[in-house]
Number of protein chains: 4
Amino acid sequence: MTDTGIAKDQLKSVIERIEHLEEEKKAIADDVKEIYAEAKANGFDAKILRKVVSLRKIEAAEREEQGAVLDLYLSALGMAPDLFEAAA
Amino acid sequence: MTDTGIAKDQLKSVIERIEHLEEEKKAIADDVKEIYAEAKANGFDAKILRKVVSLRKIEAAEREEQGAVLDLYLSALGMAPDLFEAAA
Amino acid sequence: MTDTGIAKDQLKSVIERIEHLEEEKKAIADDVKEIYAEAKANGFDAKILRKVVSLRKIEAAEREEQGAVLDLYLSALGMAPDLFEAAA
Amino acid sequence: MTDTGIAKDQLKSVIERIEHLEEEKKAIADDVKEIYAEAKANGFDAKILRKVVSLRKIEAAEREEQGAVLDLYLSALGMAPDLFEAAA
DNA sequence: CACTGGAAAATGCCGC
DNA sequence: GCGGCATTTTCCAGTG
């Protein structure tokens, strides 16, 4: 019974931590919505703004991807990728 | 030109604020993942955990919806929902 | 060439079947709209109707989720949920 | 009281008809998913298929739109659009 | 006719 | 690696 008691406490803790984080996430999502609304009020087209953000996200991912490929090449050549990162 | 300069600054600010918030959101999502992984390592079934969390979310949503329907009924009857809220 | 011919026919068939089903779906959606309009004409508040429908949907989802969680618990315990279902 | 009894029956009927139609809609949506899955099993790329379907939908809408503009022109000229439709 | 809210579609994630 | 599921995003209809 002690075990299940401990397990129960652990479970409770896990659930609570998750739900707390999800609330935080939701709060941030609401902040984002607010910014879009505010931008719209300032004459920006929300739809286009969203496109811009998603494009920049894709571009960032691609850069990362390219960086990963470069790292692969470098390590294939026996060179430490870190040397380049450090210089940049 | 000044106008477009201002608009550009505004745009930049909007985009940056959004991207910053989205990073925060992602960080939190990662924290959630971590908790699930940790729970799994402690012998919990992640699938069940997720179902429990989602069930609790639905229950919360139901309570909200019930309140919303009640408010609609009250306002349809010309009664201010606030009167009840205040009393509660 | 025969292959691509077959593939083309298959593709055509797939697209057509999907588009046909989507038309059916749209027709049903229109029927739903009609019912709301008719109900409104009979003095019902469409907004409340929609909320009621959505509340009932959430309630149904909750029941489903509860069953799903139970099934997961049972299978985690190595018990066949079917035994219970069959008895019911 | 008789009135509210009738209203209640009407309400019940409305809700039931809507829920029944939504179930039908869901069944059709499931059929669509099934077709995508089947197509995927036959070597088609589901993502591309979806793009094709949505493009065709947009094109159809545009054609309709253009047709509407044409009709507008024709009626502005005092000509019945139906004459063209019939001939087509 | 702009806005809010809800349905549908697309994407990404987890578990097998 | 794939299928299913949950989340997220997009779109559209209803409302004021």
Side-chain angles (χ1 to χ4, degrees), chain A residues 18 21-22 25-26 28-30 32-34 36-38 40-41 43 45-55 57-58 61, chain B residues 18 21-22 25-26 28-30 32-37 39-40 44-58 61 64-65 68-69 72 75-76, chain C residues 18 21-22 25-26 28-30 32-37 39-40 44-55 57-58 61 64-65 68-69 72 75-76, chain D residues 18 21-22 25-26 28-30 32-34 36-41 43 45-55 57-58 61:
Chain A
I18 290 170
L21 288 174
E22 306 239 310
K25 221 171 62 172
K26 196 187 174 305
I28 293 177
D30 288 346
V32 172
K33 272 188 205 166
E34 215 174 309
Y36 276 117
E38 178 194 323
K40 191 176 185 178
D45 181 326
K47 200 174 175 180
I48 293 180
L49 278 182
R50 285 172 194 278
K51 268 272 172 287
V52 170
V53 170
S54 83
L55 278 179
K57 193 193 283 182
I58 290 174
Chain B
I18 289 170
L21 287 173
E22 306 240 308
K25 220 171 65 173
K26 196 187 175 306
I28 292 176
D30 288 345
V32 171
K33 275 187 212 165
E34 213 175 312
I35 292 180
Y36 275 116
K40 195 174 182 178
F44 289 102
D45 182 325
K47 202 171 177 182
I48 293 181
L49 280 182
R50 284 173 192 281
K51 265 275 175 271
V52 170
V53 170
S54 83
L55 176 56
R56 284 167 58 95
K57 194 191 281 181
I58 285 183
E64 259 182 50
E65 280 292 78
V69 172
L72 273 179
S75 49
Chain C
I18 289 170
L21 286 175
E22 306 240 307
K25 224 170 60 173
K26 195 187 176 306
I28 292 176
D30 288 345
V32 171
K33 273 187 218 165
E34 214 174 311
I35 293 180
Y36 276 115
K40 195 174 184 179
F44 290 102
D45 182 326
K47 203 171 177 182
I48 293 181
L49 278 182
R50 285 173 193 279
K51 263 276 174 270
V52 170
V53 169
S54 82
L55 176 56
K57 194 191 279 181
I58 286 183
E64 258 181 50
E65 281 291 78
V69 173
L72 275 179
S75 50
Chain D
I18 290 171
L21 287 173
E22 305 238 309
K25 223 169 61 174
K26 193 186 176 303
I28 292 176
D30 289 345
V32 172
K33 273 188 204 165
E34 214 174 312
Y36 277 115
E38 179 194 323
K40 191 177 186 178
D45 182 325
K47 198 174 175 180
I48 294 180
L49 279 182
R50 284 173 194 278
K51 269 271 174 288
V52 171
V53 170
S54 84
L55 279 179
K57 193 193 280 182
I58 291 174

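In this text, all values refer to a predicted model and were calculated from it rather than measured experimentally. Throughout, a chain's letter reflects where its sequence line sits, starting with A, and its residues are numbered from 1. Keep in mind that the numbers below use all heavy atoms, side chains included, and drop hydrogens, waters and symmetry copies.
Projected onto DNA chain E by closest heavy-atom contact, B:Lys40 and A:Lys40 fall at different nucleotides, the more 5' of which corresponds to A:Lys40. In terms of position on DNA chain E, the residue among B:Tyr36 and D:Tyr36 whose nearest nucleotide sits closer to the 5' end is D:Tyr36.
When rounded to the nearest whole Å, the span between CG of B:Leu72 and C1' of E:dT4 equals 14 Å. Atom pair A:Asp45:CG and E:dA2:P shows a separation of 12 Å (rounding to whole Å applied). In this structure, B:Lys26 places its NZ atom 12 Å from P of E:dG12, rounding to the nearest Å. Atoms CD (B:Glu64) and P (E:dG6) sit 11 Å apart, rounded to a whole Å. We find that CD1 of D:Ile18 is positioned 14 Å from C1' of E:dA7, with the value rounded to whole Å. Here the P atom of nucleotide E:dA8 and the CD1 atom of C:Ile28 are 11 Å apart, to the nearest Å. The nearest whole Å value for the distance from the CG atom in C:Leu55 to the P atom in E:dA7 is 12 Å. Atom P of nucleotide E:dC16 and atom CD1 of B:Ile48 are separated by 11 Å, given to the nearest angstrom.
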Q.
If you apply the rule side chain to side chain contact (heavy atoms under 4.5 Å, CB included), what do you find for B:Val53 with B:Tyr36, and how did you get there?
A. CA-CA 11 Å; B:Val53 170; B:Tyr36 275 116; 3.7 Å; yes
Q: Give the C-alpha distance, both sets of side-chain angles, the deciding distance and a yes or no for side chain to side chain contact (heavy atoms under 4.5 Å, CB included) between A:Asp30 and A:Lys26.
A: CA-CA 6 Å; A:Asp30 288 346; A:Lys26 196 187 174 305; 3.3 Å; yes
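Taking each heavy atom of C:Ala68 and B:Lys51 in turn, the nearest pair found is CB-CE, 3.5 Å. Here the closest non-hydrogen pair linking D:Ala39 and D:Leu49 is CB-CD1, 3.6 Å.
Taking CZ from C:Arg50 and CG from C:Asp45, the interatomic distance works out to 10.5 Å, rounded to the nearest 0.5 Å.
Taking 4.5 Å as the limit, some side-chain heavy atom of A:Ile18 sits within range of a side-chain heavy atom of A:Glu22.
Residue contacts shown for B:Ala46 are limited to sugar-phosphate atoms, with no base heavy atom under 4.0 Å away.
Under the salt bridge (charged side-chain N to carboxylate O under 4.0 Å, His left out) criterion, D:Lys40 pairs with no residue at all, not counting sequence neighbours.
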Tabulate atom names and distances for all N/O pairs under 3.5 angstrom spanning the protein and nucleotides 8-12 of chain F.
| unit_1 | atom_1 | unit_2 | atom_2 | d |
| --- | --- | --- | --- | --- |
| F:dT8 | OP1 | A:Lys25 | NZ | 3.3 |

